[in-house]
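Note that ligands are numbered from 1 as they come in the structure, with each ligand's atoms numbered from 1 the same way.
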Amino acid sequence: MRVLILGSGGREHALAWAVKRSERVKEVLCAPGNGGIAQIARCVPVDLKDLDAMVRVADVERPDLTIVGPELPLSLGIVDALQKRGMRVFGPTRAAAMLETSKGFAKRFLQRHNIPTANYAVCTTADELDKAVDIFHAPIVVKADGLAAGKGVIICPSRQTALEAAHSLFSGKLLGESAQQIILEEFLEGEEISFLCLADGKNIAPLAPAQDHKCIGEGDTGPNTGGMGVYSTDTLLDAGMQEWILRHIAEPTVEGTPFVGVLYIGLMMTARGPQVLEFNARFGDPETQAILLRLESDLVEAIEAAIDGQLDKTELRWMPGASACVVASSAGYPGSYETGFPISGLSSAAEVPGVQIFHSGTSSLGGQIVTSGGRVLGVAATGPSLEDALARAYQAMAEIHFEGIYYRGDIGHRALKKNR
Ligand code: AMP
């Protein structure tokens with residue numbers, strides 16, 4: 001079969017890599033892809049903000065299966081549009097993707113289904129905001145309702161700063177676009193875990209758990225990014241806790257929506273148990289790079305089972321041990337940065353045992369791979385232990401050079417501290 005992947009980042013590179021390993025797959029296409037993806041898939045240009053353009057690519061290429069990577073095409077209704085044309089596509093409908101695209105919708109859904117989450121208030125006017133803020137104790141978390149690429153969450157040390165942040169989200173000063181709804185939320189403390197699962201609307205196949213590192217600086221300091229590194233081990237969640245999360249969080253969400261696709265549950269493991277921080281309606285980036293590296297089963301077979309409502313007959317097999325993915329970014333990211341710098345050392349890095357390099361922001365210029373984004377590469381590795389996986393990823397990273405390369409040297413620090 002021929003599989004089309006929509007997207008252009010490290011997540012899509014990892015998806016293309018995993019899909020290509022399937023015996024069922026003859027050709028992998030990616031739209032638009034990037035410099036690294038082009039080495040293993042045929043890339044077709046497309047604008048991911050343009051629904052008609054994406055539908056035209058599917059019409060021309062006629063893939064047997066389309067997998068949607070990022071949230072933007074989901075929010076535009078790509079799944080509905082392709083399904084209407086009788087095509088097989090993996091991802092939630094526009095309505096189901098609202099679990100990610102509207103935080104207000106997600107919070108009301110969680111409350112309606114008695115799923116544990118932080119106390120909150122949804123406000124649509126400045127008046128509502130002024131009244132609601134009184135019931136919260138500082139720190140207060142202020143969130144814009146819609147998709148904001150990780151920039152719509154502000155943790156405020158006092159009621160006054162929360163009001164200021166909320167007003168600048170309403171006015172558009174903070175995000176460039178004025179928020180229609182704002183969510184005030186109780187601040188939760190604990191360890192964050194990304195729990196992803198494949199869902200067929202009824203049944204669930206959990207993926208290996210992962211922990212992301214959102215801040216740019218070591219020791220989790222500085223501004224938030226799309227994710228600077230991630231690791232996956234079985235010890236992140238014990239079997240009993242995983243079962244609890246499946247029963248009390250994942251199942252009611254998947255059945256209540258109903259949700260077909262990848263449900264990404266962002267959890268805070270608090271003293272009063274796991275609480276949902278957010279839902280994403282797709283594979284995470286960079287979680288996918290670390291998770292798929294550990295997947296021994298056929299990803300395409302599992303995705304097909306999800307589309308057909310047959311996930312109850314699927315059990316995913318995982319490589320024991322651990323995996324990690326360290327992200328290399330351009331100097332200046334997550335602020336402004338320059339691009340177009342040649343990248344060297346990719347082949348010697350790829351020779352380190354257990355290592356896979358996934359490209360996030362690269363392009364190919366006359367055969368030379370150059371930087372083209374803020375996050376440039378994810379160097380991922382597996383190993384019998386987290387220490388081994390990280391050692392391999394950092395050994396490979398040391399081979400790679402481009403002007404201004406930056407990466408965190410402390411990926412996995414929480415788990416390593418516990419292991420000691
Ligand atoms: P979200 O997009 O809602 O997941 O928020 C992005 C990040 O903000 C999360 O990964 C958390 O680190 C942080 N965050 C969001 N909500 C809360 C909360 N209620 N308490 C503490 N931290 C939060």
> Have a look at ligand 1 and work out which part of Leu277, if any, has a heavy atom under 4.0 Å from it: side chain, backbone, both or neither.
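Leu277 to ligand 1: contacts from backbone and side chain alike.
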> Are Lys107 and Thr117 close enough that some pair of their side-chain heavy atoms sits under 4.5 Å apart?
yes
> With distance as the sole criterion, is a donor-acceptor pair present between the side chains of Thr124 and Glu128 under 3.5 Å?
yes
> Decide side chain to side chain donor-acceptor pair (under 3.5 Å) for Tyr264 and Glu100; before the verdict, give the C-alpha distance in whole Å, the side-chain angles of both, and the deciding distance to 0.1 Å.
CA-CA 9 Å; Tyr264 169 135; Glu100 171 166 10; over 6 Å; no
> Using a 4.0 Å heavy-atom cut-off, say whether Val141 meets ligand 1 through its side chain, its backbone, both or neither.
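For Val141, only side-chain atoms sit under 4.0 Å from ligand 1.
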> Who gets closest to atom 8 (O) of ligand 1 by heavy atom: Asp220, Val276, Val153, Leu267?
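The option holding the nearest heavy atom is Val153.
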> Can you tell me which residue pairs pass the ring pair (Phe, Tyr, Trp, His ring centres under 6.0 Å) test with a partner in residues 223-262, sequence neighbours excluded?
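Qualifying pairs, neighbours excluded: Trp244-His248.
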> Are Arg408 and Asp220 close enough that some pair of their side-chain heavy atoms sits under 4.5 Å apart?
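With C-beta onward as the side chain, the pair touches.
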> In this structure, does ligand 1 have an atom that sits under 4.0 Å from one of the heavy atoms of Lys103?
yes
> Check ligand 1 against Phe187 and write out every atom of the ligand that is under 4.0 Å from a heavy-atom position of the residue.
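With Phe187 as reference, the close atoms of ligand 1 come out as 20 (N), 21 (C).
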> Measure from atom 15 (C) of ligand 1 to every heavy atom in Met268, Lys214, Lys143, Glu278 and give the option owning the shortest one.
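Residue with the shortest heavy-atom distance to the ligand atom: Lys143.
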> Heavy-atom contact check, 4.0 Å cutoff: does Glu186 meet ligand 1?
yes
> Between Ile183, Ile155, Leu188, flag the one that comes closest to atom 13 (C) of ligand 1 by a heavy atom.
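Selected option, by shortest heavy-atom distance: Ile155.
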> With sequence neighbours excluded, tell me which residues meet side chain to side chain contact (heavy atoms under 4.5 Å, CB included) with Arg112.
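Scan of Arg112 (side chain to side chain contact (heavy atoms under 4.5 Å, CB included), adjacent residues dropped) gives Arg108, Phe109.
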